[in-house]
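Whatever order the structure lists ligands and atoms in, that order sets their numbers, starting from 1.
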Amino acid sequence: MPLVTTDNMLKKAQEGHWAVGAFNAENMEMVQAIIEAAETLKAPVMIQTTPGTLKYGSLALYYANVAAIARGVKTEVAIHLDHGDTFDLASRALHEGYTSIMIDGSALPLAENIALTASVVKFCKPNSIPVEGELGKVGGKEDDTKSSLSGYTDPAEAEEFVARTNVSSLAVGVGTAHGVYAVTPVLNVDLISTLRGIIQVPLVLHGASGLEDDVVRECIKRGIAKVNFATELRIAYTRAVQAYLEGNPKTIDPKKYGAPARDAVRNLVMERMKVCLCDGKAV
Ligand code: 13P
Ligand code: ZN
């Protein structure tokens, strides 16, 4: 079916105490894998691309891929700009047809983050495209594999941020980081409960690759309504390609190693969807 926006699925997740799985895709095979997993499990899904991914392929290319594959399935599929870093990129994503936009001003001082985020929300409003903002810092770098220290979201600032920007959802810093964890992260799950108590819009957890299933479940129980996975998919894809080529070093056809890589990503996404409790939740 046609791509959908994310207001409805996130609202339902928030009310139903489950979370929408949001998965980063780098190429066509990963888009196929994520949508196949969603269709098999009847799960609503968000497919996301970062600015780094959009340097590898264009907004038009990823949009066309996701829209074409989604057209052949019944489940709800949204395409989301992940960690949009400028007003310009956010506005181009909107014009391209992206059905959900993140503007990440979390590295800016609060007033500048509010101003940037509010401007994107205002721009997206006439098209009813939801905007995710970020306050507090998810450590690491979303296009890297290394993790670094995180910053925690201040509840009073979060309340002010949501009121002044009118964001549709809020990514929060609770101790997670992007990339591969060098040490087991210590999450402040009480902070999620506190934020849930004062923030009306759905809360988003970034940096979920490498978290234990129980930790992800606890975050959802405390009020997270969207969980982002990127690094784990890249690892699954690449390891499957490596394994295939080690066993078949003479292979020259990308389809030969693309197929097992796609299967590996699909299986991983299905596991993560079950942890998010989003299976069976498509309308
Ligand atoms: P990971 O690096 O933990 O997969 O983070 C995913 C993410 O937050 C994408 O925005
Ligand atoms: Zn992220």
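- Shown in contact with H206 at under 4.0 Å from a heavy atom are these atoms of ligand 1, numbered in order with element: 8 (O), 10 (O).
- Below 3.5 Å of separation, one finds an N or O of N228 facing an N or O of ligand 1.
- A salt bridge links K226 with E132: the distance from a Lys NZ or Arg NE/NH1/NH2 to an Asp or Glu carboxylate oxygen falls below 4.0 Å.
- The contact set between ligand 1 and A230, taken as ligand atoms under 4.0 Å from a residue heavy atom, comprises 1 (P), 4 (O), 6 (C).
- Heavy-atom contacts of D82 reach the following atoms of ligand 1: 9 (C), 10 (O) (cutoff under 4.0 Å).
- Contacts between T231 and ligand 1, counted as non-hydrogen atom pairs separated by less than 4.0 Å, involve both the backbone and the side chain.
- A donor-acceptor contact shorter than 3.5 Å links the side chain of S209 to the backbone of E232.
- For the pair F229 and ligand 1, the shortest N or O to N or O distance does not fall below 3.5 Å.
- Contacts of L233 with ligand 1, taken as heavy-atom pairs under 4.0 Å, are absent altogether.
- Using a 3.5 Å distance cut-off with no hydrogens or angles, the side chains of S100 and T6 do pair a donor with an acceptor.
- Computed with the Zn ion (ligand 2) at the centre, the H83 NE2 to H178 NE2 angle is 100°, stated to 10 degrees.
- The Zn ion (ligand 2) is closest to atom ND1 of H206 (considering only N, O or S atoms).
- For A22, no heavy-atom contact with ligand 1 is shorter than 4.0 Å.
- Note: H95 and F123 meet the aromatic proximity criterion, with ring centroids under 6.0 Å apart.
- Checked against side chain to side chain donor-acceptor pair (under 3.5 Å), S106 has the following partners two or more places apart in sequence or in another chain: D104, E134.
- Panel note: side chain Y62, backbone E26; a donor-acceptor pair is recorded below 3.5 Å.
- Heavy-atom proximity to H83, at under 4.0 Å, picks out these atoms of ligand 1: 10 (O).
- By the 30° and 60° cut-offs, the orientation of the rings of H206 relative to H83 is perpendicular.
- Against a heavy-atom cut-off of under 4.0 Å, N24 is close to the following atoms of ligand 1: 9 (C).
- Counting only non-hydrogen atoms, the option in S209, A177, G179 that gets closest to atom 4 (O) of ligand 1 is S209.
- R92 pairs by the salt bridge (Lys or Arg N to Asp or Glu O under 4.0 Å) definition with D88, not counting sequence neighbours.
- Here the side chain of Q48 pairs no donor or acceptor atom with the backbone of H80 at under 3.5 angstrom.
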